[in-house]
Number of protein chains: 2
Amino acid sequence: MTSKKTSPSSRKPTKSGSSQIDVARLAGVSQAAVSRTFTPDASVSDETRAKVMAAVDQLGYRPNVIARSLVQNSTNIIGLVVRRFTAPFYAYIIQNFIKALQERGYWALIFNIGQSDELAEALPAALQYQVDGLIITSATLSSHQADECARAGTPVVLFNRYVSDGHTHLVSCDHCEGGRMAADALLNTGHTRLAYIAGEEESSTNRDREIGFVSRLKEQGYDLAFRESAGDYNYEKGYAAAQRLLEREPRPDAVFCADDVIAMATMDLARYKLGLRIPEDLSVIGFDDIPPSARPNYQLTTIRQPFGRLVDSTIDALLEAINSPDTKVIEKVVPPTLTWRKTVQKNN
Amino acid sequence: MTSKKTSPSSRKPTKSGSSQIDVARLAGVSQAAVSRTFTPDASVSDETRAKVMAAVDQLGYRPNVIARSLVQNSTNIIGLVVRRFTAPFYAYIIQNFIKALQERGYWALIFNIGQSDELAEALPAALQYQVDGLIITSATLSSHQADECARAGTPVVLFNRYVSDGHTHLVSCDHCEGGRMAADALLNTGHTRLAYIAGEEESSTNRDREIGFVSRLKEQGYDLAFRESAGDYNYEKGYAAAQRLLEREPRPDAVFCADDVIAMATMDLARYKLGLRIPEDLSVIGFDDIPPSARPNYQLTTIRQPFGRLVDSTIDALLEAINSPDTKVIEKVVPPTLTWRKTVQKNN
DNA sequence: TAAGCGTATGAATACGTATTCAATTTTACA
DNA sequence: TGTAAAATTGAATACGTATTCATACGCTTA
């Protein structure tokens with residue numbers, strides 16, 4: 001029983017914790033035996049396993065996942081690049097991602113970016129951490145960045161950004177179709193003076209929603225009579241935009257808001273500042289169907305992004321790409337649905 | 001130039017990416033030289049650094065942080081154990097944690113738990129990932145769990161849970177004091193029939209807020225005339241609790257809600273279901289001061305938890321514990337402030 | 001009892017990096 | 001120009017684990 005190797009007590013003072021070697025010594029077996037005890041389907045006798053576990057308990061040993069990751073070339077960590085963290089829709093999405101990943105044995109390393117271009121800093125960091133895969137929400141990958149990921153062998157799935165370059169996996173709600181559904185909902189109920197309040201102008205989600213909305217109006221022989229821009233998906237800015245919109249004469253009789261938060265701001269302004277009745281004096285339709293939209297005093301009619309399907313599809317796509325690296329590019333577009341509540345006037 | 005060592009192309013097919021050895025070969029230097037090029041303050045000549053960087057560019061090499069973590073015994077990852085992820089207050093807190101950590105060179109590995117007892121699963125996972133430290137929100141650490149962290153040498157800071165066992169670092173808002181402030185605010189404005197709507201009964205935050213509120217009432221010679229419980233920090237349950245509360249006769253003239261979400265639900269019910277005016281017919285005071293409370297149609301008077309100070313203090317405490325492991329137990333209690341808006345009647 | 005085969009085991013090696021140590025080169029100063 | 005000091009370099013080693021390979025063991029079957 002030589003003691004040439006460093007003992008736990010002679011390590012750096014910061015971290016204690018024993019290794020498989022320590023366990024092996026105490027149990028009177030080899031380090032390999034300890035490793036096998038923690039490896040499913042490995043060949044270990046009940047006897048050695050028992051000896052090992054006894055030593056494990058005594059030392060309070062816990063496997064070092066970092067070391068395992070190094071040799072197995074897989075961390076079981078998924079990088080989650082995230083913007084607009086506190087926006088209700090994304091708060092739900094992110095939580096669902098994390099939960100769904102955990103259920104499949106992965107953990108989420110979060111990269112919070114303020115602006116889309118901060119992706120340039122987050123991406124290298126994620127790759128250096130050897131994440132098994134990457135989910136990017138609300139930001140676009142430049143072709144250079146996509147290359148970097150490819151070189152690192154790290155699969156990426158874009159969430160709710162549609163960029164069909166034939167190289168990047170993506171899962172997105174069909175925002176364009178959602179815009180069309182909103183148009184249909186308003187036209188079929190007899191509205192004629194239609195308005196759109198935009199969210200973040202630079203985002204593809206905003207663009208697609210507007211394109212779908214306007215193109216359907218044209219198809220039916222209508223024009224977009226009013227347009228205002230909040231400039232961001234944000235209650236305060238939405239409130240201000242609604243104010244600019246509704247002080248015009250004549251007023252629109254229906255407004256499609258780029259998301260539910262803006263829609264709620266519009267409703268609050270219309271009702272409590274301008275004294276308008278909804279939907280009698282003004283119809284409002286939103287996008288997302290976040291939980292607050294169902295509250296009694298909103299009862300917002302809105303285009304629903306199907307949370308669950310979006311999250312599941314994204315994770316499925318990512319795991320597929322991880323497990324079969326040569327899989328062809330996945331571009332999944334999920335249709336939204338219309339949640340009909342009480343903010344669109346029916347009997348026009 | 002022997003080729004005994006495995007070349008990148010003969011590795012597992014899943015991940016490519018070159019190592020320092022590949023770079024060293026191409027640059028005609030030793031692996032140590034490459035390592036030093038990426039180590040701040042290491043001694044490398046401009047010449048070799050240049051050769052190395054050229055090879056790095058050519059190969060698209062990127063350091064493997066996992067391998068570095070193994071040898072340096074430090075991952076630069078902080079585990080963030082989180083509940084009630086989508087509650088607005090926590091969404092903001094979590095985002096701020098992540099941002100503040102990133103600014104200090106750390107990354108957040110998220111562990112989402114549904115119930116407090118799921119900590120039992122999350123904790124071992126976090127420790128196995130060799131996180132440098134752990135922040136636990138809205139959940140309590142059993143003494144056994146605290147022991148496990150101590151054995152692993154992983155510092156822990158509890159956020160907004162007060163358990164003075166003399167062993168666990170913690171940072172918390174002074175919820176008890178917040179309750180007292182709410183009581184003062186209502187009593188000083190002449191209210192006499194006071195109510196409390198509880199949130200999650202099992203949580204220490206709810207308990208402390210109520211204790212502070214009630215004890216101050218007693219001090220001033222008043223009793224808590226009404227009590228209802230939502231059972232959770234949640235709009236729908238808050239709405240239902242408010243309904244039970246406000247159908248009683250005589251009604252309270254002021255209600256302290258365990259958090260802003262419940263307060264908003266109470267306001268909505270009172271105004272739009274019962275036709276009450278706020279604050280003329282009913283005063284409402286909340287807790288947290290989340291951004292929506294400032295919206296024009298709420299203008300909620302509320303006890304503010306100082307986001308920034310809480311987050312900074314928590315991270316300071318954690319980094320302190322990481323860098324000087326023998327630091328004595330930190331128990332930082334941050335006082336709340338009163339944000340006076342328009343939901344408490346003044347002229348009684 | 002002997003042959004045969006599956007099962008258990010430990011030694012050795014690899015993963016990609018940082019760091020110590022000794023040797024070498026360069027610089028600074030007289 | 002010579003010498004001491006400083007800066008640079010590469011070989012070797014360590015971090016904690018999984019895994020290959022060869023060996024030793026135990027059991028079944030004839």
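A, B, ... follow the sequence lines: proteins, then strands. Residue 1 opens every chain. Just so it is clear, the values below take in all heavy atoms, side chains as well, and ignore hydrogens, waters and symmetry mates. None of these values were measured; they are calculated from a predicted model.
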- Task: Show your working on side-chain contact (heavy atoms from CB on, under 4.5 Å) between B:V82 and B:F111 and close with a plain yes or no.
- Result: CA-CA 6 Å; B:V82 153; B:F111 299 86; over 6 Å; no
- Query: Do A:E47 and C:dA8 share a donor-acceptor pair, side chain to base, under 3.5 Å?
  - Reply: no
- Query: The side chain of B:S19 lies closest to which of these nucleotides: C:dG16, D:dA18, C:dG10?
  - Reply: C:dG16
- Query: Any side-chain N or O of A:Q31 less than 4.0 Å from the OP1 or OP2 oxygen of D:dA18?
  - Reply: no
- Using whole Å, report how far CD1 of A:I21 lies from P of C:dA11. 11 Å
- Message: So, does A:S43 get its side chain near the phosphate of C:dA8, meaning an N or O under 4.0 Å from OP1 or OP2?
- Response: yes
- Message: Under 4.0 Å, heavy atoms only, any strand: does B:A32 hit a base, just the sugar-phosphate, or nothing?
- Response: base
- Task: Answer yes when B:E148 and A:R62 have at least one side-chain N-carboxylate O distance shorter than 4.0 Å, and no when they do not.
- Result: yes
- Query: Is the shortest heavy-atom distance from the side chain of A:Q130 to the side chain of A:S69 under 4.5 Å?
  - Reply: no
- Item | Selection from D:dT9, D:dC15, D:dT19 that lies nearest to any side-chain heavy atom of B:L70 | D:dC15
- Task: Would you mind reading off the distance between A:I66 atom CD1 and C:dA18 atom C1', rounded to a whole angstrom?
- Result: 16 Å
- For the pair made of CZ in B:R36 and C1' in C:dG16, what is the distance, rounded to whole Å? 16 Å
- Among C:dT17, C:dT9, D:dG10, the one nearest any side-chain atom of B:V71 is C:dT17
- Message: What is the distance, to the nearest angstrom, from the OH atom on A:Y129 to the C1' atom on C:dT17?
- Response: 14 Å
- Nucleotide C:dA8, atom P - distance to CG of A:D46 in whole Å: 8 Å
- So, does the side chain of A:Q20 form a donor-acceptor pair with the base of D:dA18 at under 3.5 Å? no
- Side-chain N or O of B:T48 closer than 4.0 Å to phosphate OP1/OP2 of D:dT9: yes
- Query: Can you find a side chain N or O atom of B:S45 that sits less than 4.0 Å from OP1 or OP2 on D:dT9?
  - Reply: yes
- Query: Within the structure shown, what part of the strands sits under 4.0 Å from B:V65 by heavy-atom distance: base, sugar-phosphate, or nothing?
  - Reply: nothing
- Query: Salt bridge check: are B:D316 and B:R104 linked by an N-O gap of less than 4.0 Å?
  - Reply: yes
- Message: Rounding to an integer number of Å, can you tell me how far B:Q128 CD sits from D:dG16 P?
- Response: 15 Å
- Which whole-number value in Å describes the distance from B:N64 CG to D:dC15 C1'? 13 Å
- Item | Spacing of A:L127 atom CG and B:N64 atom CG [to the nearest 0.5 Å] | 11.5 Å
- Item | Spacing of A:D22 atom CG relative to D:dT17 atom P, expressed in whole Å | 9 Å
- Report the nucleotide, chosen from C:dA18, C:dG10, D:dA18, that has the shortest atom-to-atom distance to any side-chain atom of A:V29. C:dG10
